[in-house]
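Below: the structure, in structure tokens.
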Amino acid sequence: QVQLVESGGGLVQAGGSLRLSCAASGGTFNTYHMGWFRQAPGKEREFVASISWSGGRTYYADSVKGRFTISRDNAKNTVYLQMNDLKPEDTAVYYCAADVTYWGRSRPGDYDYWGQGTQVTVSS
């Protein structure tokens, strides 16, 4: 069974940075396309970014383009989300997810495995 564990969340002031990590175990990480999603209180889970199995292709939501960067290290079975110039509207629980089939999908239902989430809070 694939397990995904996020870390790196916390409280940061607007304009600051955080780097989230998601460590995978129990599967073949280097064959999975990976994604980051977030969910704010009272809102639906939304797509943030995705990266192909090789790391060669990335895709971002318009709301984070130019501020967030997704990357992966297949030797460490880990995917990252570098978040710069954070804004209060970025406050949410951030989840990583694995898609074993296709790259670049943005619907939560398309992803096969999920982590438990890590809280990111941006103060103004």
Side-chain angles (χ1 to χ4, degrees):
Q1 184 69 13
V2 176
Q3 290 188 322
L4 303 174
V5 179
E6 301 95 335
S7 61
L11 173 64
V12 64
Q13 289 188 331
S17 298
L18 282 174
R19 188 175 83 152
L20 305 183
S21 299
C22 171
S25 62
T28 51
F29 177 78
N30 62 1
T31 68
Y32 301 152
H33 310 296
M34 299 298 296
W36 284 98
F37 289 77
R38 65 187 182 187
Q39 188 166 19
K43 295 188 176 181
E44 294 186 350
R45 193 167 298 190
E46 65 173 1
F47 171 79
V48 174
S50 68
I51 188 166
S52 61
W53 66 270
S54 67
R57 294 178 291 179
T58 57
Y59 173 50
Y60 297 92
D62 287 343
S63 59
V64 306
K65 202 173 296 183
R67 299 188 298 123
F68 291 11
T69 302
I70 189 171
S71 62
R72 67 189 295 162
D73 185 339
N74 285 345
K76 296 182 178 179
N77 286 357
T78 302
V79 62
Y80 305 98
L81 186 68
Q82 177 67 44
M83 305 185 295
N84 298 331
D85 189 23
L86 283 161
K87 304 177 180 183
E89 52 263 42
D90 294 318
T91 294
V93 177
Y94 283 70
Y95 299 89
C96 72
D99 186 338
V100 304
T101 309
Y102 296 109
W103 167 77
R105 299 200 283 190
S106 60
R107 295 182 306 178
D110 291 328
Y111 284 72
D112 302 283
Y113 303 105
W114 290 85
Q116 83 291 345
T118 185
Q119 176 70 47
V120 171
T121 302
V122 184
S123 63
S124 57

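We count residues from 1, following the sequence as given.
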To which residues is L11 joined in a hydrophobic cluster, defined by side-chain heavy-atom contacts under 4.5 Å among Ile, Leu, Val, Met, Phe, Trp and Tyr, whether direct or through other members?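 None; L11 is a cluster of one.
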Does anything in [range] pair up under disulfide bond (SG atoms under 2.5 Å apart), and if so which pairs, sequence neighbours excluded?
range	value
residues 51-85	none
residues 40-95	none
residues 31-84	none
residues 12-60	C22-C96

Considering all heavy atoms, the nearest [X]-[Y] contact:
X	Y	value
E6	W36	CG-CZ3, 3.9 Å
A92	Q119	O-NE2, 3.4 Å
L4	Y113	CD1-O, 3.5 Å
F29	D73	CE2-O, 4.1 Å
L18	L86	N-CD1, 3.9 Å
I51	S71	CD1-CA, 3.6 Å

Please check if the side chain of N84 supplies one atom and the backbone of T69 the other of a donor-acceptor pair under 3.5 Å. no
Is a side-chain donor or acceptor of D112 paired with a backbone partner of V100 at a separation under 3.5 angstrom? yes
Heavy atoms of other groups near Q3 CD, more than 12 under 6.0 Å: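 No, because the 6.0 Å sphere around CD of Q3 holds 12 heavy atoms or fewer from other groups.
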May I have all residue pairs that pass salt bridge (charged side-chain N to carboxylate O under 4.0 Å, His left out) and include part of residues 39-54, sequence neighbours excluded?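 Residue pairs passing salt bridge (charged side-chain N to carboxylate O under 4.0 Å, His left out), neighbours aside: R38-E46.
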I need the D110 CG to H33 NE2 distance, nearest 0.5 Å. 12.0 Å
I need the I70 CD1 to S52 OG distance, nearest 0.5 Å.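 Output value for this atom pair is 9.5 Å.
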Considering only heavy atoms from C-beta outward, does the side chain of Y60 approach that of R67 to under 4.5 Å?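 No; the side chains remain at least 4.5 Å from each other.
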Heavy-atom check, side chain of M83 versus side chain of D90, under 4.5 Å: no
Excluding sequence neighbours, so at least two apart, what forms side-chain contact (heavy atoms from CB on, under 4.5 Å) with [X]?
X	value
A14	P88, V122
V5	Q116
T28	N30, T31, Y32

Using the test ring pair (Phe, Tyr, Trp, His ring centres under 6.0 Å), find all partners of F37 that sit at least two apart in sequence or belong to another chain. F47, Y111, W114
same_hphob_cluster(V2, V79) at 4.5 Å side-chain heavy-atom cutoff: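 Linked within one cluster.
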Cluster overlap V64 with L81, hydrophobic side-chain contacts below 4.5 Å: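 Yes, it is one cluster - the side chains of V64 and L81 are joined through contacts under 4.5 Å.
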Residue pair R105, S50: steps toward the side chain to side chain contact (heavy atoms under 4.5 Å, CB included) verdict: CA-CA 8 Å; R105 299 200 283 190; S50 68; over 6 Å; no
Which residues share a salt bridge (Lys or Arg N to Asp or Glu O under 4.0 Å) with R57, sequence neighbours left out: none
So that I can tick it off, tell me whether K65 and D62 are bridged by a salt bridge, with the cut-off set at under 4.0 angstrom between side-chain N and carboxylate O.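 Here D62 pairs with K65 in a salt bridge, since their nearest N and O are under 4.0 Å apart.
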Residue pairs fulfilling ring pair (Phe, Tyr, Trp, His ring centres under 6.0 Å) with at least one residue in residues 61-97, sequence neighbours excluded: none
